[in-house]
Structure formats: structure tokens, C-alpha cells
Amino acid sequence: VSETIGGAQVYFPAGAFGQANLDLANRLVEQVHGWVPDGARVAELYAGVGAIGLGLVGRAARVTFNEVDSGSLAGLRLGIAALAPGEQSRVDVRPGPASDHTGVLHDADVAIVDPPRKGLDAPVLAALAADPPARLVTVSCDLGAFLREARTLLDAGHVRLSALVPFALFPNTAHVETVALFERR
């Protein structure tokens with residue numbers, strides 16, 4: 001399955017995660033894109049098939065994707081192949097657990113994290129709390145995980161919460177995607 005999300009062609013091979021409410025998912029991606037300045041160096045951990053980051057490649061200095069799931073990595077590779085050749089050269093993929101790739105956060109102007117329901121892996125949260133990039137965008141599908149992580153980030157004292165936008169991608173359920181922008185103090 002292929003969809004245009006955030007201005008990019010995004011591919012969902014069998015086994016890869018994708019949102020069911022594509023119109024609202026696209027609005028969520030547009031919200032995230034609005035928080036990323038042109039020319040930024042972007043690191044996206046838990047990138048999945050690239051639904052958020054692929055649309056940033058055309059205006060970012062560099063986008064580094066991280067993903068662990070093989071189906072999602074296959075979709076991400078298809079999405080990268082669909083980019084213009086000049087854009088493909090500004091992309092880097094770091095397969096494996098996000099906790100193995102926290103080093104990419106040090107070179108990023110903007111970090112985007114979209115972890116599974118359990119939330120950020122402890123080493124990722126610790127790295128973000130200790131030395132956050134100028135901007136951190138979190139996409140959380142579990143409010144409890146978001147609240148725990150936000151408290152850790154705010155208590156560390158290096159960031160402030162600048163914006164918070166909920167998205168009800170699963171209407172008539174208790175599940176809400178919480179999209180937040182943290183900025184370094």
C-alpha cells in the first residue's frame with residue numbers, strides 16, 4: 001500500500017504499522033513538519049516507514065532515520081527510493097533498536113520520536129533529558145507514557161514545553177496521540 005503523507009510517497013508493506021485514519025494522520029504529520037525549520041538536521045527515532053520524516057527530506061539539511069522493525073524498514077527503503085536522487089543523498093538509515101542510536105541526537109537540530117505504546121526506551125529518554133537538541137518533537141500514543149517522559153524531560157531542566165496538540169486518531173476510544181514540542185532552554 002502506498003499513500004501520500006506529508007508530501008511524500010510512503011509505503012506500507014505487509015507487517016508494517018500504519019495509521020487507519022489517514023486524513024488525520026496527515027494533519028498530525030503536517031503539525032510536526034510545521035515545527036521543523038528549513039535547513040535543520042533531523043533525527044527521527046522509531047521512524048517506522050518514514051511517514052513523518054520522508055516529507056522533511058526536501059527541505060532539511062539531513063534526515064537520519066532509525067527503525068528496528070524489518071517490515072517498516074522495507075517500507076522506509078521504498079519511500080527513500082521514491083525521493084529525488086538529490087534528496088536521497090541527504091538521508092541516512094540506522095537500523096536497530098533506538099537505544100543503540102542515541103548518538104544521532106547529538107548532531108541533530110531537531111529530534112522526532114514516535115515510540116510504540118510502551119514509550120521511549122530508557123537510554124533514549126536519558127539521552128534526551130541530559131543533552132536535548134534545540135527542538136524535540138514527541139508523538140506519543142499512550143498518555144501515561146507521555147506524562148512520565150514529559151516529567152523526566154522537564155525535571156532535567158534543559159527543555160520547556162512549547163506546544164501540545166492532541167489527535168484523536170481512534171475516535172470513540174480512550175486513545176489519543178499526543179504531539180508535543182519541547183525546546184531547549
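Quantities reported herein were computed from a predicted structural model and do not represent experimental measurements. Because only heavy atoms are used, hydrogens play no part in the values below, and waters and symmetry mates are left out as well, while side chains stay in.
Taking both residues in full, the closest heavy atoms of V49 and A16 are given as CG1-CB, 3.7 Å, listed atom of the first, atom of the second, then distance. Residues G6 and V29 share a closest heavy-atom pair of CA-CG1, 3.8 Å. The heavy-atom pair separating L83 from V57 by the smallest distance is CD1-CG1, 3.9 Å. Contact record, L164 with A180: CD1-CB, 3.8 Å, taken as the closest heavy-atom pair. Nearest heavy-atom pair across P95 and L73 is CB-CD1, 3.8 Å. Residue A61 comes nearest to R41 through the heavy atom pair CB-CG, 4.1 Å, listed as atom of the first residue, atom of the second, then distance.
Taken to the nearest 0.5 Å, the CG atom of L56 stands 11.0 Å off from the CZ atom of R90. One distance of note links CD of E67 with CD of E44; it measures 9.0 Å at 0.5 Å rounding. Atoms CG and NE2, from D121 and H101 in turn, are 11.5 Å apart once rounded to the nearest 0.5 Å. Distance check, rounded to the nearest 0.5 Å: CG of L181 to OG1 of T138 gives 8.5 Å. To the nearest 0.5 angstrom, F182 atom CZ is 9.5 Å from W35 atom CH2. Rounded to the nearest 0.5 angstrom, R27 CZ and I5 CD1 are separated by 14.0 Å.
When I52, L45, L136 are each tested for a side chain to side chain contact (heavy atoms under 4.5 Å, CB included) with I112, only one passes: I52.
Side chain of N66 to backbone of R94: a donor-acceptor contact under 3.5 angstrom is found. With R184 contributing its side chain and H158 its backbone, the two residues share no donor-acceptor pair below 3.5 Å. Within the 3.5 Å criterion, the main-chain N or O of A98 finds no donor-acceptor partner in the side chain of T102. Between the side chain of E149 and the backbone N or O of G119, no donor-acceptor pair lies under 3.5 Å.
Contact of the R135 side chain with the P37 side chain is registered, since non-hydrogen atoms from C-beta on lie closer than 4.5 Å. Two residues are said to be in side-chain contact when any heavy atoms from C-beta on lie closer than 4.5 Å; V10 and L54 meet this criterion. Contact of the Q31 side chain with the F167 side chain is registered, since non-hydrogen atoms from C-beta on lie closer than 4.5 Å.
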Take V113 and V137 through the test side-chain contact (heavy atoms from CB on, under 4.5 Å) and record every step on the way to the result. CA-CA 6 Å; V113 293; V137 178; over 6 Å; no
Check the pair D131 / L105 against side-chain contact (heavy atoms from CB on, under 4.5 Å), numbers first and verdict last. CA-CA 9 Å; D131 187 19; L105 300 171; over 6 Å; no
Go through the steps for E87 and I80 under the test side-chain contact (heavy atoms from CB on, under 4.5 Å), then give the verdict. CA-CA 8 Å; E87 292 177 348; I80 293 168; over 6 Å; no
Test E3 against V1 for side-chain contact (heavy atoms from CB on, under 4.5 Å), laying out the working first. CA-CA 7 Å; E3 297 287 342; V1 174; 4.1 Å; yes
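With 3.5 Å as the limit, one finds a donor-acceptor pair spanning the side chains of H175 and R117. Side chains of R62 and T64: a donor-acceptor N/O pair is absent below 3.5 angstrom, by distance only. For S140 and E177, the side-chain atoms include no donor-acceptor pair closer than 3.5 Å.
Hydrophobic clustering of Ile, Leu, Val, Met, Phe, Trp and Tyr side chains at less than 4.5 Å, counting indirect connections, unites L120 with V159. Side-chain heavy atoms closer than 4.5 Å link hydrophobic residues (I, L, V, M, F, W, Y) into clusters, and following such links, even through other members, never connects L28 to V176. Clustering ILVMFWY residues whenever any of their side-chain heavy atoms sit less than 4.5 angstrom apart, transitively, puts Y46 in the very cluster that holds L125. A chain of hydrophobic side-chain contacts below 4.5 Å, direct or via other Ile, Leu, Val, Met, Phe, Trp or Tyr residues, connects L22 to L24. Residues L147 and V165 are members of separate hydrophobic clusters, defined by side-chain heavy-atom contacts under 4.5 angstrom among Ile, Leu, Val, Met, Phe, Trp and Tyr.
S72 is linked by a side chain to side chain donor-acceptor pair (under 3.5 Å) to D69, counting only residues two or more places apart in sequence or in another chain. Scored by the side chain to side chain contact (heavy atoms under 4.5 Å, CB included) test, A130 finds no partners at all (sequence neighbours excluded).
The environment of D23 atom CG is sparse: at most 12 non-hydrogen atoms of other residues, nucleotides or ligands sit within 6.0 angstrom.
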